[in-house]
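I have placed the structure first, in the form of structure tokens, so that the comments after it can refer back to it.
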2 protein chains.
Amino acid sequence: MAGNSRLATAIHVAGMLSFADSMPLTSEAIAQSCGTNPVVIRRIIGLLTKSGLVIVKKGTGGGARLTRGPEYITLGEIYDALEEGALFDVPQFEAEHPCPLAKVVRPVLADVLNDAEREMKHYLCERSLAEVIELVRLRLGSSFGDSSFSAGCAADSSL
Amino acid sequence: MAGNSRLATAIHVAGMLSFADSMPLTSEAIAQSCGTNPVVIRRIIGLLTKSGLVIVKKGTGGGARLTRGPEYITLGEIYDALEEGALFDVPQFEAEHPCPLAKVVRPVLADVLNDAEREMKHYLCERSLAEVIELVRLRLGSSFGDSSFSAGCAADSSL
DNA sequence: CAAGTATGTAACTAGTCTGGTTACACTATG
DNA sequence: CATAGTGTAACCAGACTAGTTACATACTTG
């Protein structure tokens, strides 16, 4: 349970919502596809909602759906929605720290490691959800048509 | 104590060893500069040694020193030495998984997120330890000369 | 050889995070 | 009102980071 699978789950969720198009999906249905618990899904959907990527309808027939088409959602936006902290922690020192070199090294390290993280984020910002879905379509080959995704998966697992 | 400060510490350590040039530094001296415990430093130095970046001499007058000049050590090598796991965990599903879409989505996500991580690593591999040291020199301005680094910091904190 | 110095490593603790789970209040539909 | 969903709090388990103590081992010097 060590690694961080939240981003994988979040993109998985967004992808499913994209397939379902305007039909809202329940956290229960999504959780089955993701092999996890509805509450875990709701926690993630809550963050996506907070970032304006998703809109949620409560009550009977409710569920979540995307606010935009997948071409207009980048993986970077999904990553940001999760509010992860900095990838690398660079503790800074107080003025009284005995080693003068250390006090200068740390801000430099913070800059460099921040840049490294930015490279990763930049890559994610250049990949749209639609691109990911297209890759999935390619892997699926021709076994499914366009609309059979939601019919074949989301509908199945919601019953 | 949440974040991962190991990379920052490891680069800090390598930077100090570079300043000390051929004079071995003890984990005690480095720990003082890093504001942490000698054992923490030894754990990191152990990994750097395992990767061939550092060589260690035991006993009186012992300590660690770099095996190469800082121009020939990249931050990517230091990152790899720490043997961190994958940045993003992408759990895969068994063949019996109920949702057929999910089983196809996960390998795609693994690819995409792996690429994102690779972008970050690529940036680190293009930055040498010498470049970091140069940035530190620039921030220090002209208050210190070249050799006063090890004399001013490492030597001070080792006494 | 003996004493001192330094590493290597195991063991334990504390704090934090992710993920799983249960429980329950709230809300919208019909 | 009954049902279907979400939102959220609370708690547990597992894992990791960092700090610390303790001790065996190895090297150097006198």
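Just so it is clear: chains get the letters A, B, ... in the order the sequence lines come, proteins before strands, and each one is counted from 1. As the structure is a prediction and not an experimental result, all values here were calculated from the model.
Between B:Ile30 atom CD1 and C:dA6 atom P the separation is 12 Å, expressed in whole Å. In this structure, B:Leu7 places its CG atom 11 Å from P of D:dA18, rounding to the nearest Å. Straight-line distance from the CE atom of B:Met23 to the C1' atom of C:dA6: 14 Å, rounded to whole Å. Straight-line distance from the CD atom of A:Glu28 to the C1' atom of C:dT21: 13 Å, rounded to whole Å. In this structure, A:Glu83 places its CD atom 17 Å from C1' of C:dT16, rounding to the nearest Å. If you take CG of A:Leu82 and C1' of C:dT18, they are 12 Å apart, rounded to a whole angstrom. Counting to the nearest Å, the P atom of C:dT18 and the CG atom of B:Asn4 are 13 Å from each other. Between the CG atom of B:Asp89 and the P atom of C:dG19 there is a distance of 8 Å, given to the nearest Å.
Of the listed residues (A:Thr74, A:Ile78, A:Leu7), just one forms a side chain to side chain contact (heavy atoms under 4.5 Å, CB included) with A:Leu124, and that residue is A:Leu7. B:Tyr123 pairs in a side-chain hydrogen bond (donor to acceptor under 3.5 Å, both in side chains) with only one of the listed residues (B:Glu126, B:Glu119, B:Arg127), which is B:Arg127. When B:Thr49, B:Leu66, B:Thr67 are each tested for a side chain to side chain contact (heavy atoms under 4.5 Å, CB included) with B:Ile55, only one passes: B:Thr67.
Remark: B:Ser5 is not in phosphate contact with D:dT17, judged by side-chain N or O atoms under 4.0 Å from OP1 or OP2.
Put simply, the side chain of B:His97 gets close to the backbone of A:Ser33: a donor and an acceptor are under 3.5 Å apart. No donor-acceptor pair closer than 3.5 Å links the side chain of B:Lys103 to the backbone N or O of B:Glu94. Using modelled atom types, one side-chain atom of B:Glu131 and one backbone atom of B:Ser128 make a donor-acceptor pair closer than 3.5 Å.
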- Let me have a per-nucleotide readout for nucleotides 24-30 of chain D, 5' to 3', with B, S or -, counting only protein heavy atoms under 4.0 Å. --SBB--

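The NZ atom of B:Lys50 lies 15.5 Å from the CD1 atom of B:Ile45; values are rounded to the nearest 0.5 Å.
Using a 4.0 Å cutoff on non-hydrogen atoms, the parts of residues 35-50 of chain B near DNA chain D are B:Thr36, B:Asn37, B:Val39, B:Val40, B:Arg43, ordered by number.
Residues that satisfy the side-chain hydrogen bond (donor to acceptor under 3.5 Å, both in side chains) test with B:Ser27, not counting sequence neighbours, are B:Arg42.
A salt bridge links A:Asp80 with A:Lys121: the distance from a Lys NZ or Arg NE/NH1/NH2 to an Asp or Glu carboxylate oxygen falls below 4.0 Å.
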